[in-house]
Amino acid sequence: MEKALGFTSSSILQPLSPTSFPPQFQLKLNPSRLKRFHSAGKHRDRLTVRSNACKPDGNGSSNGFPIFPSKIFTEEAIGAEYGEGFETFRPVEPLKVDVDFLNDRLQEGFLQRIRYAMKPDEAYGLIFTWDNVVMDTQSLKLNAWKQIASEEGEEIPDGDNARRLMLSADAEHVLDKVFMWDKSENDLQRLKLRLEELYYDNLLKLSEPADGLKDWLDAVSTARIPCAIVSSLDRRTMVATLERLGLTKYFQAIVSEEDGSESIAHRFLSAAIKLDRKPSKCVVFEDDPRGITAAHNCTMMAVALIGTHPAYDLKQADLAIANFNELSVINLRRLFAHKGSSFMDLQKQIVEKSPPRRKLTIDTIF
């Protein structure tokens, strides 16, 4: 059954290099590359604006990072509202992969079940989002908005609502509807690309991950629990930043902009495939209510980090923490303790048929 996805399971975790993945993961990239090839004409003008705004060097990059539009200041769709997944490429025909399909095809084999019975922690998969979970990107985005307002001679409105939208909403919507800056369409595109450049510049200044993250990753690494990181950044930037922070060795899989994910749930499902764990055995670490909803749509558990959003906005999460210092591996076991081995497995509903009613007849006595 695992051959249908083009990969095989391994009962023992094999560390992967973030820059090199098995061929089965490369199949997932083909549709996005094809889409990007067909839509190259649409992005040509935007790339030109980006190049002028970023002042690239002779190698066609800005500050060592590649120049292309990304989804840093874009509000992504949640995805998988009805359990739908994505369509991947096969030589014969496209293959539609949804949540139930992955939960079925990524079932553990016989030897894996024996191993997981002795070492249950290895059956889990951890998925970390980049923004405000691995890195404090909240300050990066706010500083980028302040810098661009200073460059344009404009003012940013005060208030919690404006601050929340600056962190999560689409940049064009914020500039046009929230800030009410009188800008043309070309200026809005230029400012959005300038925001991304400022974000990359500020990213170079960060030297420490989130509080308690390294200790937590050490603990899960000792327990041999595979980890993945997902982001809208390009792979080169993510690998360079992880190496600078000393976190590369902890992540066995990376889902980046090159994977062509169309929604938040798409990123999580791609991470589950790369970790070779079925979605119902994965735990997502998020700070945004939309990400928590996407995790639950994928039948994954969700651990929320309080900070960017208050605790009452994260009440749908399975567990809410202030930082990683509050976690231990036993917390992961408790998340699945009351579910049992058949959690989220397809089950047939037994409908009890009522016995047929007896026909009443009237006996006539002569």
Side-chain angles (χ1 to χ4, degrees), residues 1-30 80 83 85-90 95-129 217 220-231 235 238 248-256 258-261 265-285 294-295 298-302 329 332-333 335-336 339 341-345:
M1 58 185 174
E2 293 163 346
K3 294 181 180 178
L5 281 177
F7 57 86
T8 57
S9 303
S10 175
S11 58
I12 302 178
L13 174 61
Q14 298 293 335
L16 299 177
S17 170
T19 55
S20 59
F21 297 97
Q24 61 269 21
F25 300 150
Q26 298 173 4
L27 291 178
K28 178 63 193 69
L29 300 178
N30 290 340
F86 52 86
E87 189 173 288
T88 186
F89 177 78
R90 289 193 304 180
L95 173 66
K96 291 185 178 180
V97 179
D98 58 21
V99 177
D100 291 335
F101 179 88
L102 291 178
N103 276 324
D104 177 59
R105 293 308 178 96
L106 291 174
Q107 293 282 355
E108 301 90 351
F110 175 72
L111 294 179
Q112 283 181 312
R113 288 197 296 270
I114 296 177
R115 181 177 181 85
Y116 295 159
M118 297 184 294
K119 299 182 178 181
D121 298 331
E122 294 184 12
Y124 309 133
L126 306 187
I127 301 173
F128 296 80
T129 57
L217 290 176
V220 298
S221 177
T222 302
R224 298 185 64 80
I225 305 175
C227 300
I229 182 171
V230 300
S231 173
R235 187 179 303 275
M238 291 184 64
T248 307
K249 61 181 180 179
Y250 297 114
F251 295 103
Q252 287 72 42
I254 292 179
V255 179
S256 61
E258 288 85 348
D259 289 284
S261 302
H266 191 168
R267 297 185 190 280
F268 294 160
L269 293 176
S270 298
I273 293 176
K274 293 187 177 186
L275 291 177
D276 195 12
R277 297 294 186 272
K278 58 183 182 179
S280 60
K281 282 293 186 180
C282 291
V283 181
V284 174
F285 293 84
C298 297
T299 69
M300 300 178 179
M301 294 293 181
V329 177
L332 299 179
R333 301 176 189 172
L335 288 176
F336 298 94
K339 299 298 181 181
S341 59
S342 61
F343 169 57
M344 291 308 296
D345 289 345

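This is a predicted model, so every value here is computed, not measured.
When atom types are taken as modelled, the side chain of R115 and the backbone of F110 share no donor-acceptor pair closer than 3.5 angstrom. In terms of modelled atom types and a separation under 3.5 Å, the side chain of S231 and the main chain of T129 share no donor-acceptor contact.
Looking only at side-chain heavy atoms (C-beta outward), V283 and F336 come within less than 4.5 Å of each other. Two residues are said to be in side-chain contact when any heavy atoms from C-beta on lie closer than 4.5 Å; V255 and I229 fail this criterion. The shortest side-chain heavy-atom distance between M301 and V284 does not fall under the 4.5 Å cut-off. Proximity of C282 to L126: side-chain heavy atoms (C-beta onward) are nowhere separated by under 4.5 Å.
How far CG of D121 is from CZ of R333: 4.0 Å, rounded to the nearest 0.5 Å. Here the CG-CD distance, from D276 to Q112, works out to 6.5 Å after rounding to the nearest 0.5 Å. Atom OG1 of residue T299 and atom CG of residue D100 lie 8.0 Å apart, to the nearest 0.5 angstrom. The NZ atom of K278 sits 14.0 Å away from the CZ atom of R105 when rounded to the nearest 0.5 Å. Annotation: the span from K281 atom NZ to E122 atom CD amounts to 13.0 Å, rounded to 0.5 Å. A distance of 10.5 Å separates CD1 of I225 from CD of Q252, quoted to the nearest 0.5 Å.
Closest non-hydrogen pair, A272 versus M300, comes out as CB-CE, 4.0 Å. Taking both residues in full, the closest heavy atoms of K274 and A253 are given as CB-CB, 3.6 Å, listed atom of the first, atom of the second, then distance. Counting all heavy atoms, side chain and backbone alike, V97 lies closest to F101 at CG1-CD2, 3.8 Å. Considering all non-hydrogen atoms of both residues, C227 and L275 come closest at O-CD2, 3.5 Å. Shortest non-hydrogen contact noted between C298 and P279 is O-CB, 3.2 Å.
Classified by interplanar angle (parallel below 30°, tilted 30° to 60°, perpendicular above 60°), the ring pair F251/F128 is perpendicular.
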Query raised in the report: Step by step, would you call E108 with Y116 a side-chain contact (heavy atoms from CB on, under 4.5 Å)?
Result: CA-CA 9 Å; E108 301 90 351; Y116 295 159; 3.3 Å; yes
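By the side chain to side chain contact (heavy atoms under 4.5 Å, CB included) test, A294 is found to be paired with I78, I264, A265, F268, residues two or more places apart in sequence or in another chain being considered. With sequence neighbours excluded, the residues forming a side chain to side chain contact (heavy atoms under 4.5 Å, CB included) with S256 are R235, M238, I254, E258, D259, listed by chain and number.
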